[in-house]
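A quick write-up on the structure given underneath.
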Amino acid sequence: MKKKTLLVLFTAGAVAGGLLSTKALAQVEGELTPEQEMKLVQEYNRFLAEGINPGEVWYEVGKEAIKKYNLDKCDLGLGPGVFKGAMAQLPRYFADAGKVMDLETRVGWCLQKHAGMTQDQVLKFVRQCWGKTGNCVSEYDGIIMYLTMESNGQKINVNLKDPKVKRMYDVGRQVYYARIGPWDFNCATCHAGKQEVRIRATRLWSADRPGEAGNAVSIFPKYLVRWGLPMTMHYRYAECIRQMRWPEFMPHSDLAVALSTYLYGTANGTEIKAPGIGR
Amino acid sequence: MKKVALTAMTLLFLSGMAQSQQKKAQPQKKEAPVTQEEVIKVLTSGLSTDPRFVWKVQQDEAQRICSQYTSREAMPAQAVQKVIQLSQSGIRYPQWGIFWGDWREGKKIVDNPRGGRFASYGFSDSPTDRGGNCYACHLIEKGAPGGTMGPNLYQYGKKWNITKENMNSPEALERVRAVYNIIYNAWSAFPCSSMPRFGHNGAFSPEDVMNIVTFLLHPDSPVNK
């Protein structure tokens, strides 16, 4: 058992380590030299061509971590330890918590309940690889990867007929359009509108163009070649919010749940295909 | 008499129907619509309470108005007017007033992608970074890659026929003022535009804005080559 974990970690490390040379100098986002950028694109294209997704390594990491942290007792809405297809019906209302929760928020709740972590410990656990650009394998990322991949092939089916979920969806939609902060951004600044636009070279997906929200969220956690680790949805929110110049995002918050309910609700009917891969 | 009775009966029947409809509607008990206060409460619940940054989530009146509409086309004329009025009234100019600044200084701000971003886990800009990250949304100098969210600004000064000969004419300086207003507070010309209100929000000083305008309009600037 231990040997297996070590092997997995070694594989993940080797995969990430191979890219370290590209990333070590790029401590800060957006400061890649043209040569580094080229190398990154080549690496990314190679992964695409060969059909490799290093993100899958985290599935095994998560499988072990779920046992280690007693998460086989965790109920994602289909019963304790029932994980097949559970992600597809999230976010949902949980009577035991009295709240609507998305996958990551629910896992955080379970870590407090079944692994005896405090809220602060959970936050630390969640963010241990945030801001890292190489050789960082987090058990939390593994857990989220495992739980999401257990729903691969299933269609997202958020129950918007439940009034509590519907309300969170409505709040999330309005959060999406809330202009706030010192640069006046909202989510819709980049991810809404019928017309297709780019931020520098990046084509942006839009909630207003059919299917695009689904394509965007159904592949999370998404393996990012430039960081050598899978980015969970809450890390994605945190990075968007950093770019928006808002104060730092808190994972597992109502804000996260509202956004997830709006995004996954909009994505209803899209097949889950984790992990995705990106530069 | 007969007619009156008939009318009365009809009225009774109608009111009875209305009543039964009311009764039917009651058990559904429509939930109160989501209020802006509720949205802001959820939003701020998910953001750090670091005292250095709490000011960032104080929504101002113009932001509150813009948050209610998914596009400018969806805004009623009154809301458009209000945002324009709020935005125009807050514009401040450098102590020199309208003048030509230094396009090289403007270029530095335009080219610099860093400024204003902070996260405790890293990837933060430094507090003194004050780039506008203009290329994220605009094409500006020839051949420099940029985004397509905002308009193409290549040869922006040429577009307004600004030449070495006429650049200090009242018309040219009026153009400088108009572009200054857009960069200082884009919502004064394009209410609720995606473009940040750089001057209004304090990201750039009035002098910074003047230098950026000069970079865009000056005949010597590479933008107009």
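Everything quoted here is computed from the prediction, not taken from an experiment. Lettering follows sequence order; numbering is per chain, from 1.
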(message) Show the nearest heavy-atom pair for residues A/N186 and A/Y176, with the distance to one decimal.
(response) CB-O, 3.5 Å

(request) Indicate, with yes or no, whether the SG-to-SG separation of A/C136 and A/C129 is under 2.5 Å. (result) yes

(request) Check A/K166, A/R173, A/R167 against A/D170 for a side-chain hydrogen bond (donor to acceptor under 3.5 Å, both in side chains) and give me the one that passes. (result) A/K166

(message) Between A/A192 and chain B, with a heavy-atom cut-off of 4.5 Å, which part of the residue counts as in contact: side chain, backbone, both or neither?
(response) neither

(request) Measure A/A201 against the heavy atoms of chain B and call it side chain, backbone, both or neither at under 4.5 Å. (result) neither

(message) Between B/I40 and chain A, with a heavy-atom cut-off of 4.5 Å, which part of the residue counts as in contact: side chain, backbone, both or neither?
(response) side chain

(message) Taking every non-hydrogen pair under 4.5 Å, which of A/V257, A/I241, A/I180, A/L259 racks up the most with chain B?
(response) A/I180

(request) Measure distances from A/L204 to the heavy atoms of chain B and classify the residue's part below 4.5 Å as side chain, backbone, both or neither. (result) side chain

(request) Please determine, among A/A238, A/P247, A/A256, the option with the most heavy-atom pairs under 4.5 Å with chain B. (result) A/P247

(message) Between A/W183, A/F249, A/W246, who has the most heavy-atom pairs with chain B when the cutoff is under 4.5 Å?
(response) A/W183

(request) Heavy-atom distances under 4.5 Å only: say whether A/P251 touches chain B with side chain, backbone, both or neither. (result) neither

(request) Among the options B/A62, B/G122, B/G116, pick out the one with the most heavy-atom pairs lying under 4.5 Å from chain A. (result) B/G116

(request) Report the C-alpha separation of A/Y237 and A/S260 in whole Å, then their side-chain angles, then the decisive distance to 0.1 Å, and conclude whether the side-chain hydrogen bond (donor to acceptor under 3.5 Å, both in side chains) test is met. (result) CA-CA 10 Å; A/Y237 296 154; A/S260 292; 2.8 Å; yes

(request) Pick whichever of A/D208, A/I199, A/V175, A/D254 has the most heavy-atom pairs under 4.5 Å with chain B. (result) A/I199

(message) Does any backbone or side-chain atom of A/F185 lie under 4.5 Å from a heavy atom of chain B? Answer side chain, backbone, both or neither.
(response) side chain

(message) Under 6.0 Å from the ring centre and within 45 degrees of the ring axis: does the NZ or CZ of A/K164 meet both conditions for the six-membered ring of A/Y93?
(response) yes

(request) Answer yes or no for B/R52 and B/F118: cation-pi contact, defined as NZ/CZ to six-membered ring centre under 6.0 Å and angle to ring axis within 45°. (result) yes

(message) Looking only at heavy atoms and a cut-off of under 4.5 Å, which of A/R198, A/M244, A/R127 has the most pairs with chain B?
(response) A/R198

(request) Run the salt-bridge test on B/K107 and B/E141 with the 4.0 Å N-O cut-off and return the result as yes or no. (result) yes

(request) Determine whether more than 12 heavy atoms belonging to other residues, nucleotides or ligands lie under 6.0 Å from atom CZ of A/R279. (result) no

(request) May I ask you to say whether A/R236 pairs ionically with A/E239, meaning some side-chain N is under 4.0 Å from a carboxylate O? (result) no

(request) Sort out for me which of B/G202, B/C137, B/G115, B/P145 touches chain A most, counting heavy-atom pairs under 4.5 Å. (result) B/G115

(request) Give, as side chain, backbone, both or neither, the part of B/S71 having an atom under 4.5 angstrom from any heavy atom of chain A. (result) neither

(request) Please flag which part of B/S193 lies under 4.5 Å from any non-hydrogen atom of chain A: side chain, backbone, both or neither. (result) backbone

(request) Give a yes/no verdict on a cation-pi contact between A/R106 and A/F94, requiring under 6.0 Å between NZ or CZ and the six-membered ring centre and an angle within 45° of the axis. (result) yes

(request) Against chain A, label B/A203 side chain, backbone, both or neither, depending on which of its atoms sit under 4.5 Å from a heavy atom there. (result) side chain

